[in-house]
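We count residues from 1, following the sequence as given. Just so it is clear, the structure is predicted and the values come from calculations on it, not from any experiment.
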Amino acid sequence: MSDASNTKSSNPPTQNIQWGGRFTEATDAFVQVFTASVDFDQKMAEQDINGSIAHATMLAQVGVLSEAEKTTIIDGLEAIRQEIRNGEFQWSVALEDVHMNIEAHLTQRIGTTGKKLHTGRSRNDQVATDIRLYLRDAIDAILSELTRLQTGLVELAEREADTIMPGFTHLQTAQPVTFGHHILAWNEMLFRDHERLLDCRKRVNRMPLGSAALAGTTYPIDRTITAKLLGFDGICENSLDGVSDRDFAIEFCAAAALAMTHLSRFSEELVLWASAQFDFVDLPDRFCTGSSIMPQKKNPDVPELVRGKTGRVNGHLISLLTLMKSQCLAYNKDNQEDKEPLFDTVDTLFNCLRAYADMMPALQVKKDNMREAARRGFSTATDLADYLVKKGMPFRDSHEVVGKAVGYGVAQQKDLAEMSLQELKQFSDIISDDVFEVLTLEGSVNARNHLGGTAPDQVRAAAGRARQKLAQRA
Ligand code: ARG
């Protein structure tokens, strides 16, 4: 996300040129700083300029501005856009926010015509419009990082469709699974995150502009013109609602919190897997750091940080919910507090997705260690129970029989597949030498060969479907 953070904050108590008329004294110097938002809302400068250009264009079309005035305004705004992009714009805290900074600067540049831009509009509908434009762009950028990460996951799943690892419940070895299947579980979570963000985008992409301060305006505005120019799918139907609600931002933060929750779960697994105790994966050095004291250390900083950053996103969601709660209609200054949590949520989610999208293709998988871990820990015990059931034993009895065999294995330090037929027959004489097929890891995963199962063939088919879904996004 681009950030024009070149604020030159000077705060002499000055009579505000935008609303000084009614006031008999200048704003207190501290209050001026306290109430200003320019330090953070300058992030929306591009959106503010685009909104103003659309507004001026519409005003000219309905005859409120002349064509010449419109052109002067638009040229002035484009020049300001360049100044901001070049880092030459002097932001002033005395002018409170991005909106008044740009408007005041426009008037300085083009003279009296600049004062006509704000006709039929208020900062209340202006700011609500800017945030929506900003968030719409942010969602699009996030969705494309999400797609990049998902593409990497699908490729990884295809490469590792046959790789066997222990599957866990309660972090205890449960049943063998394929690593590709495990990776596609993450990918499913991300498909839902994508859906949620895309759905949220529909409600973000509605235009408040034209609501003016709260009640609409007396000028013959045509909101459909501005909406079209700005690429909105529709308008906010009610002016009071349009300037006041921030539910679209809350909804985005909720979707972001869930996406971060998913990333934090992946992170937890990567941290575990990269440890000497698991030793399932190697993270490329460029995604890790060392220790200043322990020379042997290679720390999985990126997953750890992503896991940690989930906290701040959850916090932002609560901030915004609390901000909105109990606000009476229509706009209240409270809403100025919406921006920092929202912007930080956008940046955090984007950056975490970017780090993951970069890291995933470089993940090194230690197949032998995964396999060895699956071989230990009696991961095919359920397969033996199912084998007995298929030979006629009721499942509860077979569960009991296999439990005894596992107890024997623990005492003898032998996995089920390492026992002789004679040893196995102690527990049930219906066991015969075809049992070894089901006790192998391959036999176990291949047997789960149905839609959604862990068999390598199913993983390849699921990855193919995922690929198709990703291709449809473009
Ligand atoms: N800086 C304000 C915000 O972020 C802009 C709107 C202010 N409107 C007002 N009437 N004070 O919400």
Side-chain angles (χ1 to χ4, degrees), residues 2 4 16-21 38 41-86 88-92 95-137 205-237 239 242-243 331:
S2 72
N16 191 297
I17 52 163
Q18 257 73 7
W19 38 257
V38 65
D41 66 15
Q42 59 182 267
K43 230 184 160 97
M44 306 189 301
E46 293 272 344
Q47 288 79 12
D48 196 70
I49 290 171
N50 294 340
S52 290
I53 290 176
H55 181 65
T57 307
M58 180 276 291
L59 288 180
Q61 276 192 42
V62 299
V64 172
L65 288 181
S66 72
E67 277 300 309
E69 285 168 335
K70 176 194 88 176
T71 308
T72 312
I73 286 174
I74 293 178
D75 290 350
L77 286 169
E78 289 298 357
I80 291 172
R81 191 201 298 276
Q82 280 318 316
E83 255 187 68
I84 294 172
R85 284 186 184 171
N86 298 339
E88 291 157 2
F89 190 90
Q90 294 286 308
W91 298 99
S92 158
L95 291 165
E96 198 179 313
D97 56 25
V98 62
H99 324 292
M100 295 208 289
N101 265 267
I102 292 177
E103 193 195 328
H105 202 81
L106 179 71
T107 300
Q108 249 175 37
R109 236 179 203 282
I110 66 169
T112 319
T113 309
K115 296 185 182 171
K116 296 192 174 181
L117 170 63
H118 212 52
T119 313
R121 152 181 112 164
S122 150
R123 272 187 300 152
N124 297 351
D125 59 344
Q126 191 178 355
V127 68
T129 302
D130 290 0
I131 306 168
R132 285 170 182 266
L133 289 172
Y134 171 87
L135 186 54
R136 181 182 75 189
D137 292 350
N205 202 25
R206 289 178 197 159
M207 190 189 73
L209 199 60
S211 302
L214 76 163
T217 177
T218 56
Y219 299 93
I221 58 168
D222 185 341
R223 299 181 68 199
T224 60
I225 296 175
T226 22
K228 195 156 179 244
L229 288 171
L230 292 169
F232 281 109
D233 296 328
I235 54 165
C236 300
E237 286 276 344
S239 62
V243 291
Y331 176 86

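- Between S92 and V38 the shortest side-chain heavy-atom distance does not fall below 4.5 Å.
- For the pair D125 (side chain) and A212 (backbone), a donor-acceptor distance under 3.5 Å is present.
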### Query
For I102 and I49, what are the C-alpha separation, side-chain angles and deciding distance, and is it a side-chain contact (heavy atoms from CB on, under 4.5 Å)?
CA-CA 8 Å; I102 292 177; I49 290 171; 3.9 Å; yes
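- If you take CD1 on I84 and CG on L77, they are separated by 9.5 Å, rounding to the nearest 0.5 Å.
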### Message
For E83 and R109: C-alpha separation, side-chain torsions, deciding distance, then whether side-chain contact (heavy atoms from CB on, under 4.5 Å) applies.
### Response
CA-CA 12 Å; E83 255 187 68; R109 236 179 203 282; 2.8 Å; yes
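- Contact between I73 and A56 at its shortest, heavy atoms only, is CG2-CB, 4.0 Å.
- Within the 4.5 Å cutoff, the side chain of I80 has heavy atoms near those of the L106 side chain.
- Between the CG atom in D130 and the NE2 atom in H99 there is a gap of 5.5 Å [rounded to 0.5 Å].
- In terms of heavy atoms, T129 sits closest to P208 at OG1-CD, 3.5 Å.
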### Task
Show your working on side-chain contact (heavy atoms from CB on, under 4.5 Å) between I221 and V62 and close with a plain yes or no.
CA-CA 7 Å; I221 58 168; V62 299; 5.6 Å; no
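- Across A45 and W91, no two heavy atoms sit closer than the pair CB-CH2, 4.0 Å.
- Taking CG of L229 as the start and CG of N50 as the end, the distance is 10.5 Å to the nearest 0.5 Å.
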### Message
Apply side-chain contact (heavy atoms from CB on, under 4.5 Å) to residues I131 and M44 and explain how you reach the verdict.
### Response
CA-CA 7 Å; I131 306 168; M44 306 189 301; 3.9 Å; yes
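- Between the side chains of H55 and Q126, no donor-acceptor pair is found at a separation under 3.5 Å.
- D41 places no side-chain N or O within 3.5 Å of a backbone atom of D97 that could act as its donor or acceptor partner.
- Rounded to the nearest 0.5 angstrom, T72 OG1 and L117 CG are separated by 12.0 Å.
- To the nearest 0.5 angstrom, M58 atom CE is 9.5 Å from T224 atom OG1.
- With hydrogens and angles disregarded, no donor-acceptor distance shorter than 3.5 Å links the side chain of N124 to the backbone of G242.
- Atom CZ of R121 is separated from atom OG1 of T226 by 11.0 Å, given to the nearest 0.5 angstrom.
- Using a 4.0 Å cut-off between a side-chain N of Lys or Arg and a carboxylate O of Asp or Glu, E103 and R123 do not qualify as a salt bridge.
- In this structure the side chain of I53 reaches within 4.5 angstrom of the side chain of R81, judged on heavy atoms.
- Side-chain contact check for R132 versus M207: every heavy-atom pair is 4.5 Å or farther apart.
- Judged by a 6.0 Å distance limit and a 45° cone about the ring axis, R223 is not positioned over the six-membered ring of F232.
- L133 approaches L230 most closely through the heavy-atom pair CD2-O, 3.9 Å.
- Within a 6.0 Å sphere centred on NZ of K116, heavy atoms belonging to other residues, nucleotides or ligands number 12 at most.
- Considering every non-hydrogen atom in both D137 and Q47, the closest pair reads OD2-NE2, 3.5 Å.
- Around CD of E237, the count of heavy atoms belonging to other residues, nucleotides or ligands within 6.0 Å does not exceed 12.
- What you find for A213 and S122 is that their closest heavy atoms are N-CB, 3.2 Å.
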